[in-house]
Amino acid sequence: MASSKASLLFCYVLTVAATAEAAFFYNVVDLGAKPHGRTDSADAVAAAWSAACGSRQPATVYVPKGSFLLSHAAFSGPCSSSRVTLEIDGTLVAPSGYTGGDEWIMFDHVDGLTVSGGTVDGRGASVWACKAAGHGSCPNGATSVMVLNSRDVVISGLRSVNSELYHVVINGCDGVTVRDVKIVAPGSSPNTDGIHVQGSSGVTVTRASIRTGDDCVSVGPGTARLRVERVSCGPGHGISIGSLGKDDDGVEEAGVENVTVTGASFAGTDNGLRIKTWARAAARGAYVRGVAFEHATMRDVRNPIIIDQNYCPNHGGAGCPHQSSAVKISDVRYTDIQGSSASQVAVKFDCSASNPCTGIDLQDIRLTLDGGAPAEAVCQHADGGASGYVVPPSCL
Ligand SMILES: *[C@@H]1O[C@H](CO)[C@@H](O)[C@H](O)[C@H]1NC(C)=O
């Protein structure tokens, strides 16, 4: 009896869900978007969004197969609907050449957001070319997908290619899952970080493939409870906590706490697992603590394990030479990190003289040069311990 009642209820729920989907499903083509990539779909996409966001039921904006030119999209909330989905089967294509703004596709204050499938093509080549030519007056470029101030967000199966600047940025959010995303840009493209997280809690990035010109995953101030699982990186600059402690404006910088990176693989990247802070004394109160880097493989990585607290690009453009970082790094565990280093120093802990690193822990590390020749570990102002098999021998 009980079970047939349950299945009846299940049936009813399914029917309601199907009906809701039919009623609250906004196909951008029905609203005037053209799938041939030549006319701007911004108005149709905006109309679909305002209908979906204003719905009292879960609602979906649907982008079917085809190529949709999109000059800019601001998916802003708060929404009346508690679940809003952007489902992409086709490709959203940015105009070629910079058109202004910090981001191309933005979600702001959208709780219960899902973005699924599809491709976003930032067409960043002309911005990269300008930067490569070094004229000095190039646009920054736009981040392709920016998610701001939102809770309970899922980004699934998205492919981002050739962003002008970062591919995906998550800022000011709580509870975000990014899964099965694929990110592609040339190794030579400047500032094309794959996924950047800051000012956010409870973000999980799982099963991503990231080939790009800058950091694979980068972690900014104010990040807590971040998990990065099974991400493959390369080409690019690897996974980086930081840069932190730049402190341009005298405001106390929020710390980074409880970050786990597990099952990452790196091929031909500049760095593997990096923590990086500016060599500047002004960032009072800033910290990185509670970090676990585990089960990573490295192939031909220049700096497989690195803490760099002496970051000072252009030798003082930001007033950093001869200062020591105010960012306190503690409780960082490296467990089961294996593979090959492209440089002699496979493990480098270059910490702050005024705020030495504490609680650095190495366990089961096996890093050699390509071909198996021994590499080295170098420590500066770093304290901690090692256990298990640790090669190169620990300098802690
Ligand atoms: C970080 O983890 C520690 C230990 O589990 C916990 O006590 C602390 O509250 C966590 N911090 C945040 C911001 O979640």
Side-chain angles (χ1 to χ4, degrees), residues 109 111-113 146-155 168-179 193 195-206 208 215-231 239-247 249 251-264 272-278 283-296 305-307 309 325-337 349 351-352 355-364 382-388 396:
H109 286 101
D111 297 350
L113 169 71
M146 180 99 87
V147 184
L148 302 172
N149 309 312
S150 302
R151 295 167 155 268
D152 187 15
V153 173
V154 175
I155 299 175
V168 176
V169 170
I170 292 161
N171 193 353
C173 294
D174 189 4
V176 178
T177 300
V178 180
R179 64 171 173 251
D193 294 45
I195 300 173
H196 177 77
V197 179
Q198 83 175 57
S200 297
S201 298
V203 177
T204 297
V205 177
T206 184
D215 291 338
C216 177
V217 176
S218 56
V219 180
T223 301
R225 292 182 287 112
L226 169 66
R227 271 187 79 80
V228 178
E229 310 168 337
R230 289 196 278 164
V231 171
I239 294 179
S240 189
I241 297 176
S243 321
L244 300 171
K246 189 173 181 192
D247 193 52
D249 45 15
V251 177
E252 192 165 296
E253 186 176 280
V256 172
E257 189 169 4
N258 299 351
V259 174
T260 297
V261 177
T262 184
L273 303 161
R274 171 167 67 164
I275 300 175
K276 168 167 97 159
T277 78
W278 286 76
R284 257 169 267 289
Y287 57 85
V288 177
R289 64 188 175 218
V291 179
F293 292 122
E294 50 192 40
H295 314 304
I305 291 177
I306 180 165
I307 295 178
Q309 293 209 264
S325 174
V327 180
K328 172 71 185 175
I329 297 176
S330 62
D331 186 17
V332 183
R333 289 187 293 112
Y334 300 85
T335 311
D336 181 25
I337 316 292
F349 298 126
C351 294
S352 166
N355 283 286
C357 297
T358 54
I360 309 296
D361 186 75
L362 293 169
Q363 193 179 339
D364 300 328
D383 187 63
S387 59
L396 293 164

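Side chains included, hydrogens not; waters and symmetry mates left out as well; all remaining heavy atoms used. Just follow the structure's listing: the first ligand is 1, and inside any ligand the first atom is 1. Since this is a predicted model, take the numbers as computed values, not measurements.
- Glu257 CD to Asp331 CG: the interatomic distance, rounded to the nearest 0.5 Å, is 9.5 Å.
- Annotation: side chain to side chain donor-acceptor pair (under 3.5 Å) contacts of Ser240 (sequence neighbours excluded): Arg274.
- Annotation: side chain to side chain donor-acceptor pair (under 3.5 Å) contacts of Ser201 (sequence neighbours excluded): none.
- By the disulfide (SG to SG under 2.5 Å) test, Cys173 is found to be paired with no residue, residues two or more places apart in sequence or in another chain being considered.
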Filter the ligand 1-protein atom pairs down to N or O on both sides and distance under 3.5 Å, then list them.
residue, atom, partner, partner atom, Å
ligand 1, 2 (O), Asn258, OD1, 3.2
ligand 1, 2 (O), Asn258, ND2, 2.3
ligand 1, 11 (N), Glu257, OE2, 3.3
ligand 1, 11 (N), Asn258, ND2, 3.0

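- Summarising the geometry, atom CG belonging to Leu396 is positioned 5.0 Å from atom CG belonging to Leu362; distances are rounded to the nearest 0.5 Å.
- Between Ala254 and Pro221, the shortest heavy-atom distance links the atoms O-CB, 3.5 Å.
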